[in-house]
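See structure below.
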There are 2 protein chains.
Amino acid sequence: MTSGLRERKKLATRLALHQAALQLVAERGLDGVSVDDIAARADVSPRTFFNYFPTKDDAVVGIDASAVGQAAERFTARPAQESPVEALRAVHAQQATEMAGEPETLWPLRLRVIDEHPVLVARLHAVFGSAERALADAIAARTGTTVGADVYPTLLAAVSGTAMRTALHAWLASDFSASLPALVDEAWDALAAGLPAPRR
Amino acid sequence: MTSGLRERKKLATRLALHQAALQLVAERGLDGVSVDDIAARADVSPRTFFNYFPTKDDAVVGIDASAVGQAAERFTARPAQESPVEALRAVHAQQATEMAGEPETLWPLRLRVIDEHPVLVARLHAVFGSAERALADAIAARTGTTVGADVYPTLLAAVSGTAMRTALHAWLASDFSASLPALVDEAWDALAAGLPAPRR
DNA sequence: GCGAAACGTGCAGTCCGTGCAATGTTGCGT
DNA sequence: ACGCAACATTGCACGGACTGCACGTTTCGC
């Protein structure tokens, strides 16, 4: 499937750099860590670092563009009779489960580090942003409109990103004791109801 | 009111730098413009540039933190019987009117330039982000919850930012021929209705 | 006016990010 | 097994972003 020694090595190096970046920044803060430090811990030359990430910040966030188109593809693959919101909820449910199930500490550490550095939050937004653009096209296709003619596709795509980010943030705030899928669901419940003031 | 020669000069220099940055980047693109170029056009030394903006990108975006808390304050000032969404709509309506009425070309140019550079979009998101944090607190106060206990305040604050950004983007896409307040309203209609698929 | 505080500026230095060219590794055909 | 072609790693040199510091100049409150 993944085949090739080359491919595997590349993936391994990329992950090593990402984890080195995460750990170091968690210890010393973003400004206390240089690209040279990260490269050193991952056992590659500083120059090689930039073959894997265009930016120090990107190495810390460590989400590749390939995972980005995924959401739009999954959305398109959902049964046609589902409404856009229903389809999105299903996609998010799947993603949330995957994130919560990964190497365990990766996402928590990532989120903790990102949350402490506004620059990285912005970077994360940028990553989501390109996913949302693809998603907007997919939504437009499903509803028979175009992104230019109607606000709906762009709005819904952006809102879905917001829902996921909010859930991730709440997950972090709960110190990862809450269930991520449950938080995602909660967010979508509020959205689907038109954001009414919560009863107390 | 604004008093002091010092204050006025500072404001003027800040604006000069921002506009210099905008124009230059519009002409040559973000990478074609150096801080020295911007400082030169605004008639200050390169070193002085950094007394006004922490970053080249910030000078291009040019939105100060003072305008940021504004949304939360206005929200809090709304009559108490309004629901959170109603109050937010009112605040956004006012903001949209102001933006559309400003020096005319400032926002259009800003949006055009920002939209062409993902890095700047991220920076804009960061600015909105701090506004949203303040807003979340205000929303929590209004609904009698706290930001920690419930997703609602954070979610609604983030969604409101999304609504405004989406409207701004649609405004840009219409080449500024559409009415910004109308676009904002349209976005909120969809949100308040729970984001149903648009009828065709 | 006058002293204190704020502002503008130059200088030196660190780090980020990139193009280029040399060197080492891997994959593949024979 | 061999050698060549493709690709990955690395060092070097460079331009630009940003910061701390020190010094001269301007403005403010009295």
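This structure is a prediction, so every number in the text was calculated from the model and none was measured. Both backbone and side-chain heavy atoms feed into the values below; hydrogens, waters and symmetry mates do not.
Within the 4.0 Å cut-off from OP1 or OP2 of C/dT26, at least one side-chain nitrogen or oxygen of A/Lys9 is found. Within the 4.0 Å cut-off from OP1 or OP2 of D/dA17, not a single side-chain nitrogen or oxygen of B/Thr55 is found. Dashed line: the shortest gap from a side-chain N or O of A/Tyr52 to OP1 or OP2 of D/dT9 is under 4.0 Å. Between A/Lys56 and the phosphate of C/dC15, there is no side-chain N or O to OP1/OP2 separation shorter than 4.0 Å. A close approach under 4.0 Å does occur between a side-chain nitrogen or oxygen of B/Lys10 and OP1 or OP2 of C/dC7. The phosphate of C/dG8 (OP1 or OP2) has no side-chain N or O of B/Ser45 nearer than 4.0 angstrom. Contact annotation: B/Ser34 side-chain N/O to D/dG16 OP1/OP2 distance is not under 4.0 Å.
For the pair B/Asp36 CG and D/dG16 P, the interatomic distance rounds to 8 Å; values are reported in whole Å. Going from atom CG of A/Leu30 over to atom C1' of C/dC16 covers 12 Å, rounded to whole Å. Whole-Å rounding puts the A/Asp37 CG to C/dG17 C1' distance at 16 Å. Look at CG on B/Asp31: it is 18 Å from P on C/dC16, rounded to the nearest Å. Separating the CD1 atom of B/Ile38 from the C1' atom of D/dG16 is a distance of 12 Å, rounded to the nearest angstrom. Atom CG in A/Leu24 sits about 14 Å away from atom P in C/dC15, given to the nearest Å. Taking atom CG on B/Asn51 and atom P on D/dC18, their separation rounds to 14 Å, with Å as the unit. Rounded to an integer number of Å, the gap from CZ of B/Phe49 to C1' of C/dG10 is 17 Å.
The nearest heavy atom of DNA chain C to B/Arg47 and to A/Asp57 marks one nucleotide each, and the one closer to the 5' end goes with B/Arg47.
Using a 3.5 Å distance cut-off with no hydrogens or angles, the side chains of B/Arg74 and B/Gln95 do not pair a donor with an acceptor.
The aromatic rings of A/Phe176 and A/Trp171 sit perpendicular, their planes meeting at an angle over 60°, well past the 30° parallel limit.
Remark: the backbone N or O of A/Phe75 is paired with a side-chain donor or acceptor of A/Arg142 at under 3.5 angstrom. Remark: the backbone N or O of A/Val121 is paired with a side-chain donor or acceptor of A/His125 at under 3.5 angstrom.
Within the cation-pi definition used here (under 6.0 Å to the ring centroid, within 45° of the axis), A/Lys10 qualifies as a partner of A/Tyr52.
Looking at heavy-atom distances under 4.0 Å, B/Pro46 makes no contact with the nucleic acid at all.
When the nucleotides D/dC18, C/dT18, C/dT9 are ranked by their closest atom to the side chain of A/Phe50, C/dT18 comes out on top.
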